[in-house]
Amino acid sequence: MLIRDLYIGFIKISLLISSLILASSLRASDDTSCNTIESCIALIPAIEGKAWGAGKVDDAVRDKLKSFGRDALLPLAKLTGEDNPNRRKVADSLIADIKDLNVNDFSIIQHVIQNNIELNGGGGWSYGALGYVGGDNAGKYLVSELKRVQSASNQIGTAFNRLGVEGIPYLIEGLRCYGYCSEEEFRGFSEVFYNYQRWTKISDDKFALQLFSLATNEKINLHARHTALSVIGYLTESPLIAKQIHQYAEKNIEFSGSALMSLQNMKSSLATEMLVNQLTNEKNKSIFQDRNFMVFNDLSELGTAGKNAGGRVMQFLNSEHWEDRINASLTLGYIGYFQAIPELRKQLSNPSDWQQVYAAVKALRLLSDKTTLVDLERVATNHWFKPLREYAEKAVVAIKMGKEYDSISKNQNLASDFFDYQQLGEENHTCDITDYPKISESVETKQYKDKDNKLAFFQYKDPLCSNKEFYQFYSDYCSSDESILVPAIAAKYGENWLIGDNRGEWGGELVVFQSGRLTDTLLTENIEDVYVVGEFAYVITGLAHMSLNNGLIYRLQKTNAGYFIQPFYRLPGAPRTSWKISDDSILINTVSGAVIFNPSDGLKMANCK
């Protein structure tokens with residue numbers, strides 16, 4: 001009986017505690033509930049300090065205010081004039097999402113935007129509301145703000161997305177400048193039209209022709225004409241309009257760049273010839289961009305529309321520039337140039353550059369020809385780089401199954417797909433001196449910068465400062481003491497010293513020091529180390545930064561005619577550390593795995609514990 005009474009008592013206490021918890025939760029719920037616009041606005045906290053994003057407020061309060069729709073516009077608009085930044089930000093973000101606005105609400109939204117500009121420096125979220133307002137006033141005002149702000153990577157872009165086709169006449173009118181207009185005023189227009197193609201999927205030949213008419217009107221401002229011509233391709237894929245654009249560019253060479261942009265976005269085969277003419281066999285002269293890469297990438301974007309470029313692209317499979325070979329191979333796959341298959345099969349046997357082999361594997365995967373399976377299976381079985389073997393095996397399986405290559409359609413980003421070979425690697429594969437003991441090098445032949453040895457004797461002026469293109473942008477740096485560099489490494493080679501530095505994303509170089517001064521610049525690469533083996537010096541280079549991950553071993557030779565340096569082997573990735581493990585072998589830890597390099601045998605994966 002006693003046990004029974006105790007049990008009943010326990011049940012009653014439990015029920016009482018549960019009731020108290022429920023009542024407490026209901027009271028807590030009441031703290032964030034509201035039934036009127038005013039009571040909900042009162043619950044928006046006045047948080048001090050800078051407000052970020054859409055501001056901070058309880059989700060239940062935000063949702064309730066959204067449910068009031070247009071009825072909440074005026075009360076929220078008043079709130080954007082308050083002093084507290086968080087309350088203003090919350091109100092502004094809520095106004096942007098009111099979908100049942102109409103043309104009669106324009107003046108209120110405009111006032112909110114002006115408040116935002118005066119108080120925050122920017123128009124804020126409420127630009128987006130104009131996309132729901134619509135009408136003449138909203139269209140003209142958005143164009144004027146687009147010109148002022150010079151960007152659509154904001155809520156102005158959102159507003160035009162919401163306006164859709166209705167916004168295009170205002171954009172065209174905004175381009176109709178007969179007097180002075182700066183190039184900067186039209187920067188945001190391209191972003192808006194890009195969004196029309198990418199997100200709202202608008203296609204309209206009528207407006208495309210209006211843009212072409214504007215672009216060819218010599219009374220219109222030149223910057224406006226270039227912009228108009230360049231954005232036509234975002235609105236149409238009409239072969240007839242493409243032909244008109246191409247013919248106009250042939251007669252007016254100064255418009256060829258703008259015309260090419262449109263033709264590329266139209267996926268027109270007429271862009272092919274214009275792109276191919278930009279390819280060059282000369283060494284890249286610019287220190288800031290690889291011109292051929294941009295062309296190869298643009299041709300690849302065209303897909304099969306770029307097939308006519310195949311013959312010209314194939315010529316670069318044997319280029320002296322390793323990057324051109326890789327990019328050409330990939331391009332041949334993307335444009336579907338089946339005539340390249342015999343040459344691509346030869347590229348699979350490249351002993352020095354695994355990335356070239358990868359590019360050939362990928363191109364053959366894109367072309368999906370079953371006659372290449374035996375060659376791909378050989379790579380999958382025998383190549384020294386394990387991640388490449390695995391990639392080749394996947395290509396073999398996909399071709400056998402008849403599976404289409406769909407990475408681009410999923411990612412909607414050819415650039416990342418084009419460069420995905422830089423992410424190939426062996427994870428967590430790093431060796432230390434317990435795996436491969438280090439062979440010491442004499443300080444008479446090798447010195448490193450450390451706390452005891454600053455290598456100040458080998459300091460030199462940044463060689464890039466002698467480059468006119470670089471100096472144009474960095475004259476202040478080149479005129480300062482910052483441009484006097486102290487290297488990370490010095491290696492004796494013959495009678496002279498090879499001096500190397502690695503400044504990460506800011507670059508590096510290999511220079512020759514003779515009689516206490518810099519005499520030659522041999523490389524402008526990030527230098528990890530230099531090893532002299534026999535009559536050659538082997539330079540370990542590379543950089544891993546953001547999505548880039550490259551590593552190369554260069555071979556340097558001193559001849560009667562001077563120094564001769566060229567790429568020798570491609571590393572799995574950017575080098576991190578390296579050391580000699582015998583008189584003729586070097587252990588190199590890279591971002592993408594550890595390898596052993598021997599000049600006679602090449603590269604092989606290291607065995608790390």
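The model shown is predicted, which means the values in this text are computed figures rather than measured ones.
- For residues 205-221, the set of pairs meeting the side chain to side chain donor-acceptor pair (under 3.5 Å) definition, not counting sequence neighbours, comprises D205-T236.
- You'll find the side chain of I41 stays beyond 4.5 Å of the side chain of L43, heavy atoms only.
- Each side chain to side chain donor-acceptor pair (under 3.5 Å) pair with one or both residues in residues 59-76, not counting sequence neighbours, appears once here: R62-S93, R70-D105.
- At most 12 heavy atoms of other shown residues, nucleotides or ligands fall within 6.0 angstrom of atom CD in E482.
- With a 6.0 Å radius and a threshold of 12 heavy atoms from other residues, nucleotides or ligands, D83 has its CG atom at or below the threshold.
- The ring of F293 has its center closer than 6.0 angstrom to the ring center of F419.
- Of the inter-residue distances, the one linking L211 atom CG with S230 atom OG reads 9.0 Å to the nearest 0.5 angstrom.
- Summarising the geometry, atom CG belonging to L101 is positioned 9.0 Å from atom CD1 belonging to I95; distances are rounded to the nearest 0.5 Å.
- Not a single donor-acceptor pair under 3.5 Å links the side chain of K267 to the backbone N or O of Q264.
- In the model, Y170 has a side-chain atom that pairs as donor or acceptor with a side-chain atom of D136 under 3.5 Å.
- Inter-residue side-chain proximity for Y474 and L464 is flagged as unmet; no heavy-atom pair is nearer than 4.5 Å.
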Q244 and L209: side chain to side chain contact (heavy atoms under 4.5 Å, CB included), yes or no, with the steps? CA-CA 10 Å; Q244 286 180 276; L209 286 170; 3.7 Å; yes
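- A donor-acceptor pair is defined here as one N or O able to donate and one able to accept, closer than 3.5 Å; no such pair exists between the side chain of R87 and the backbone of L79.
- Minimum heavy-atom separation, V112 to S126: CG1-OG, 3.3 Å.
- Inspection of the N327 and N292 side chains reveals no N or O donor paired with an N or O acceptor under 3.5 Å.
- Taking the six-membered ring for Trp, Y334 and F418 have ring centres closer than 6.0 Å.
- The closest donor-acceptor contact from the side chain of N86 to the backbone of P45 lies under 3.5 Å.
- A donor-acceptor contact shorter than 3.5 Å links the side chain of T36 to the backbone of S39.
- For the side-chain contact (heavy atoms from CB on, under 4.5 Å) with L275, the lone residue among L263, N297, D298 that qualifies is D298.
- Here the closest heavy-atom approach between residue S268 and residue A305 is recorded as C-CB, 4.3 Å.
- Pairing each heavy atom of F186 with each of C177, the nearest pair is CZ-CB, 4.3 Å.
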- Evaluate the criterion side chain to side chain contact (heavy atoms under 4.5 Å, CB included) for residue pair L146 and L171; output intermediate values, then yes/no. CA-CA 9 Å; L146 182 64; L171 291 164; 3.8 Å; yes
Does the side chain to side chain contact (heavy atoms under 4.5 Å, CB included) test come out yes or no for V143 and E173, once each step is laid out?
-> CA-CA 9 Å; V143 169; E173 196 58 35; over 6 Å; no
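- The line from CZ of F160 to CD of Q155 is 13.0 Å long, rounded to the nearest 0.5 Å.
- The two residues S479 and Y471 come nearest to each other via the heavy atoms OG-OH, 3.7 Å.
- The closest donor-acceptor contact from the side chain of S480 to the backbone of Y477 lies under 3.5 Å.
- Counting only heavy atoms from C-beta outward, the side chains of I335 and T331 approach each other to under 4.5 Å.
- Of the N and O atoms on the side chains of T272 and S269, not one donor lies less than 3.5 Å from an acceptor on the other residue.
- Counting heavy atoms from C-beta outward, Y405 and K362 have side chains that approach closer than 4.5 Å.
- Counting non-hydrogen atoms of other residues, nucleotides and ligands closer than 6.0 Å to CE of M261 gives a total of 12 or fewer.
- In the displayed structure, E427 atom CD is contacted under 6.0 Å by at most 12 heavy atoms of other residues, nucleotides or ligands.
- The CG atom of N195 sits 11.0 Å away from atom NZ of K201, with the distance rounded to the nearest 0.5 Å.
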| message | Between I172 and F207, does the side chain to side chain contact (heavy atoms under 4.5 Å, CB included) criterion hold? Intermediate values first, please. | response | CA-CA 8 Å; I172 293 175; F207 287 131; 3.9 Å; yes
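- The minimum heavy-atom distance linking L229 with A259 is given by the pair CD2-N, 3.8 Å.
- Side-chain atoms of I245 and L270, non-hydrogen and from C-beta on, never get closer than 4.5 Å to each other.
- Between the CG atom of L163 and the CG atom of N161 there is a distance of 9.0 Å, given to the nearest 0.5 Å.
- S203 and E237 form no side-chain donor-acceptor contact under 3.5 Å, judged by distance and modelled atom types alone.
- Here CD1 of I113 is found 7.0 Å from CG of L142. Values are rounded to the nearest 0.5 Å.
- Side chains of P387 and Y421 form no contact here, defined as non-hydrogen atoms less than 4.5 Å apart.
- Remark: side-chain polar atoms of N252 are not paired, donor with acceptor, to backbone N or O of F255 under 3.5 angstrom.
- Side-chain atoms of S547 and Q423, non-hydrogen and from C-beta on, do get closer than 4.5 Å to each other.
- In this structure a side-chain-to-backbone donor-acceptor pair under 3.5 Å is present from N526 to G507.
- In terms of heavy-atom proximity, I37 sits nearest to L65 at O-CD2, 4.0 Å.
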- [ ] Start with the C-alpha distance between D92 and R88, add both sets of side-chain angles, then the distance that settles salt bridge (Lys or Arg N to Asp or Glu O under 4.0 Å), and finish with yes or no.
- [x] CA-CA 6 Å; D92 185 35; R88 289 202 312 268; over 6 Å; no
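- A heavy-atom distance below 4.5 Å is found between the side chains of D420 and Y358.
- A side-chain N or O of Y127 and one of E145 form a donor-acceptor pair less than 3.5 Å apart.
- Formation of a donor-acceptor pair under 3.5 Å by the K56 side chain with backbone atoms of V90 is not found in this model.
- For E183 (side chain) and H223 (main-chain N/O), no donor-acceptor pair under 3.5 Å exists by modelled atom type.
- Remark: side-chain polar atoms of W199 are not paired, donor with acceptor, to backbone N or O of Y194 under 3.5 angstrom.
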